[in-house]
A.B. asks: 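Below you will find the structure I want to go over with you.
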There are 2 protein chains.
Amino acid sequence: MRPIQAASDQNDISVEPSDPGYRAILNGSDIPTAYKIGYILNFYREPSFRAIETEFGLTRPEIVILLALHFRDGITASEFCEFSGHLKAGVSRAVIALEKKGLILRRTDKSDNRRQHLFLTEAGRELYSRYIPALKAREQAMLACLSARERKQFDQLLDKLAAHVPQWGSLSEL
Amino acid sequence: MRPIQAASDQNDISVEPSDPGYRAILNGSDIPTAYKIGYILNFYREPSFRAIETEFGLTRPEIVILLALHFRDGITASEFCEFSGHLKAGVSRAVIALEKKGLILRRTDKSDNRRQHLFLTEAGRELYSRYIPALKAREQAMLACLSARERKQFDQLLDKLAAHVPQWGSLSEL
DNA sequence: TTGAATTGGTCTCATATAAGACTTTTCTAT
DNA sequence: ATAGAAAAGTCTTATATGAGACCAATTCAA
C-alpha cells in the first residue's frame, strides 16, 4: 500500500520523469504504458474505494453504480455493463443491494418489461455527496504535479483514448 | 463488457474527443480524469487478466507478480507491496502458490531472515512469455489512435504522474 | 402466428479477496 | 544486554466476486 518513498520530506521537490530510480521501476516493463496507468490508478482508486467500502458499507460495484447514476440517471443495468465493462451478475447483485438500502429506485421500462431503469433516490444522492469530496480531493492531489497546460493535454489524450475504446475493447483475440 | 458501440464499422473514423456522445458518457462525472483513466484501464486490463486467469490458472496477484519479477527479479514480497499497492496477505498467498507451481523461487535474505527474495524460474519465464504477447498487442491496440507524438506526450505525462504518486498515494485523509 | 434465438436480469456455487490477528525476526533505546 | 516496538510474512474468517446456468420477456424468421 505504501508507495516506495515517504511523502513527508519531498513535498516541494519536482522529481524528474527521467529519474533513473523511477524509470527502473516504471519503465522496465514490457507494457510500460499500461503498467504505469495501472500503477497510478491503483494508488488513486484502491485506498479511496476501500475507505468508502468500510465507511459506508458499499461494495465496489455499488460505489461505481452510484457514481455513474449521478451523471446518467435512468440508465439500465445492461447499459451500465456496456459502458463500464462490469459483469452483469455483479451489477445485478449491486442493484438489488442498492435498492434494498433505499439508495436507488428501479422502474420497469414500459415498452420492455425486462429492462429496469435505475434512479438515484434522495438518500442515494446524499450518500454520494458524502463520499465524492474525498475522491475529488484525491484526484486533485494526483494531478497536482501537472501544470494547467499539462492537465489539459492529459485530459485531451484521455478523451481520445476513451473515445476509441469501442474499437478494441471487445476484441477477444487480443 | 461490450463497449457502447460495435467496432466493426468505424475502424478508420477518427472520433473527436469533443464528440457530444462520448463527452456525455465520459466527462459528466465529478472526477472526470480519474473516471476516464478507470474506464480505459478497465477495458484494457479486465478482459486480458480474465483470459490469463482461466487459460493459465493464475490469480490476479500471481499475474502481476510474474510481471513485476520479469523486470525486477529478486525483489521481496514487501517491496512488491510497496510499489504495487497490493496487500501483503494477498501477495503472500500468491507467492506461496507461485512457488508451489514451480514458477518462482524464494531465497531467504542472508542478513535478515524475515525477508525472502523472489526469483523467476525457467518455467516462470516461459509462462510469462506465453501470456505477455496478448498484453502487448492489447496495449498497442489501446494506443493505436494516438500519433507517435501524442504517445510520447502521454508517456511523459504518465511518467510525471507516476513519479509523484509517493507524494499523495499514502495520504489516508484523502 | 409460432418456435428459435436473443436479451435483460437473477441465482448458485466455487473461488478469490480484505481485514486483521498472529509468529518470528530484527531494530532501537536505554 | 535486554525490553519494546516494528517489520516480514502467514493464517483465519467472513465477504465479494466470476463463471455460467437459469428464467422470463422480446425479437426475428418462416
Side-chain angles (χ1 to χ4, degrees), chain A residues 1-2 4 6 42 45-65 74-101 104-118 172, chain B residues 1-2 4 6 42 45-65 74-101 104-118 172:
Chain A
M1 182 56 46
R2 235 157 305 120
I4 203 148
N42 268 352
R45 192 161 55 175
E46 292 305 310
S48 308
F49 277 24
R50 278 192 208 125
I52 294 171
E53 282 166 18
T54 61
E55 272 188 57
F56 298 101
L58 298 173
T59 66
R60 206 61 66 101
E62 288 168 34
I63 296 168
V64 183
I65 290 171
I75 58 172
T76 65
S78 77
E79 282 166 353
F80 175 78
C81 288
E82 278 176 359
F83 84 81
S84 72
H86 283 252
L87 299 173
K88 65 179 183 170
V91 171
S92 170
R93 260 188 308 241
V95 162
I96 292 168
L98 285 170
E99 189 187 38
K100 197 168 296 178
K101 292 172 191 170
I104 65 169
L105 284 178
R106 293 196 270 184
R107 309 282 304 264
T108 302
D109 188 305
K110 296 288 183 195
S111 67
D112 185 341
N113 289 309
R114 293 171 306 179
R115 323 183 74 166
Q116 309 176 342
H117 296 276
L118 308 175
S172 54
Chain B
M1 183 57 45
R2 237 159 305 120
I4 203 147
N42 267 353
R45 191 162 56 175
E46 293 305 311
S48 308
F49 277 23
R50 277 191 210 125
I52 294 170
E53 282 166 17
T54 61
E55 272 189 58
F56 298 101
L58 298 173
T59 66
R60 206 61 66 100
E62 288 168 32
I63 297 167
V64 183
I65 289 171
I75 58 172
T76 66
S78 79
E79 282 166 352
F80 175 77
C81 287
E82 277 176 0
F83 83 81
S84 72
H86 284 253
L87 299 172
K88 66 179 184 170
V91 171
S92 170
R93 253 179 294 127
V95 162
I96 292 168
L98 285 170
E99 189 186 38
K100 198 168 294 178
K101 292 172 191 172
I104 66 169
L105 284 178
R106 293 197 269 186
R107 308 283 304 265
T108 302
D109 188 304
K110 296 288 183 194
S111 67
D112 184 342
N113 289 309
R114 294 171 305 178
R115 323 184 74 164
Q116 309 177 341
H117 296 275
L118 308 175
S172 53

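By convention in this document, chain letters (A, B, ...) are assigned in the order of the sequence lines, proteins followed by strands, and residues within each chain are numbered from 1.
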A.B. asks: Quick check: do B/L118 and B/E99 have side-chain heavy atoms less than 4.5 Å from each other?
C.D. replies: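 No; the side chains remain at least 4.5 Å from each other.
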
A.B. asks: Counting just side-chain N and O atoms, does B/R50 come under 4.0 Å of either OP1 or OP2 of D/dA19?
C.D. replies: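 Result: yes.
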
A.B. asks: Rounded to whole angstrom units, what separation is found between the CG atom of B/L58 and the C1' atom of D/dG18?
C.D. replies: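 In whole Å, D/dG18 C1' and B/L58 CG are 16 Å from each other.
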
A.B. asks: Considering every strand and a 4.0 Å limit on heavy-atom distances, what is the contact class for A/R60: base, sugar-phosphate, or nothing?
C.D. replies: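 Sugar-phosphate contact only - A/R60 comes under 4.0 Å of backbone atoms but never of a base.
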
A.B. asks: Compare all side-chain heavy atoms of B/I75 with those of B/F83 and state whether any distance is below 4.5 angstrom.
C.D. replies: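 A side-chain contact under 4.5 Å exists here.
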
A.B. asks: Calculate the interatomic distance between A/E53 atom CD and C/dG20 atom P; express it in whole Å.
C.D. replies: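 Computing the A/E53:CD to C/dG20:P distance gives 12 Å.
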
A.B. asks: Give, for atom CZ of B/R60 and atom CZ of B/R50, the distance between the pair rounded to the nearest 0.5 Å.
C.D. replies: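 Between B/R60 CZ and B/R50 CZ, I get 7.0 Å after rounding to 0.5 Å.
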
A.B. asks: Measure from the side-chain heavy atoms of A/S78 and tell me the nearest of C/dG9, D/dG9, D/dT10.
C.D. replies: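 Comparing C/dG9, D/dG9, D/dT10 against the side chain of A/S78, the answer is C/dG9.
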
A.B. asks: Where each residue is assigned the nucleotide of DNA chain D containing its nearest heavy atom, which of A/D109 and B/D112 is assigned the position nearer the 5′ end?
C.D. replies: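 Per heavy-atom nearest nucleotide, the more 5' residue is B/D112.
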
A.B. asks: CZ of A/R106 versus C1' of C/dG9: gap in Å, rounded?
C.D. replies: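 Nearest whole value for this atom pair: 9 Å.
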
A.B. asks: Measuring only between side-chain heavy atoms, which start at C-beta, is A/V64 closer than 4.5 Å to A/F49?
C.D. replies: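 They are in contact (side-chain heavy atoms under 4.5 Å apart), so the answer is yes.
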
A.B. asks: Would you say the base of D/dT26 and the side-chain of A/R114 have a donor-acceptor pair closer than 3.5 Å?
C.D. replies: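 Not at all, since no donor on one side and acceptor on the other fall under 3.5 Å apart.
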
A.B. asks: Using a 4.0 Å heavy-atom cut-off, does A/A89 contact any base of the nucleic acid, only the sugar-phosphate backbone, or nothing at all?
C.D. replies: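 The answer is base, as A/A89 lies within the cut-off (heavy atoms under 4.0 Å) of a base atom.
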
A.B. asks: Could you give the CD1-to-P distance, from B/I96 to D/dA8, as a whole number of Å?
C.D. replies: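 So the CD1-P distance, B/I96 to D/dA8, works out to 16 Å.
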
A.B. asks: Could you check if a side-chain atom of A/L58 sits within less than 4.5 angstrom of a side-chain atom of A/E53, using non-hydrogen atoms only?
C.D. replies: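 Answer no - side chains too far apart.
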
A.B. asks: Would you say B/S92 places a side-chain N or O within less than 4.0 Å of OP1 or OP2 belonging to D/dG9?
C.D. replies: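 For B/S92, the contact criterion (side-chain N or O under 4.0 Å from OP1 or OP2 of D/dG9) is not met.
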
A.B. asks: Mapping B/G57 and A/T54 onto DNA chain C by nearest heavy atom, which one lands closer to the 5' end?
C.D. replies: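 The residue mapped nearer the 5' terminus is B/G57.
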
A.B. asks: Send over the distance from A/H86 NE2 to D/dT17 P, rounded to a whole Å.
C.D. replies: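 Result: 9 Å.
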
A.B. asks: With a cut-off of less than 4.0 Å, is there a side-chain N or O of B/N113 near OP1 or OP2 of C/dT26?
C.D. replies: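 Looking at the OP1 and OP2 atoms of C/dT26, one of them is under 4.0 Å from a side-chain N or O of B/N113.
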
A.B. asks: Atom CG of A/L87 and atom C1' of C/dG8: how far apart are they, to the nearest Å?
C.D. replies: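 Taking CG of A/L87 and C1' of C/dG8, I get 15 Å after rounding.
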
A.B. asks: Nearest whole Å is fine: how far is C/dT12 P from A/K88 NZ?
C.D. replies: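 Rounding to the nearest Å, NZ of A/K88 and P of C/dT12 are 16 Å apart.
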
A.B. asks: Looking across every strand, which nucleic acid part, if any, lies under 4.0 Å from A/Q116 by heavy atom: base, sugar-phosphate, or nothing?
C.D. replies: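 Counting heavy atoms under 4.0 Å across all strands, the contact made by A/Q116 is with sugar-phosphate only.
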
A.B. asks: Between P on C/dG9 and CD1 on A/I65, what's the gap in Å once rounded to a whole number?
C.D. replies: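 Roughly 11 Å, once rounded to whole Å.
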
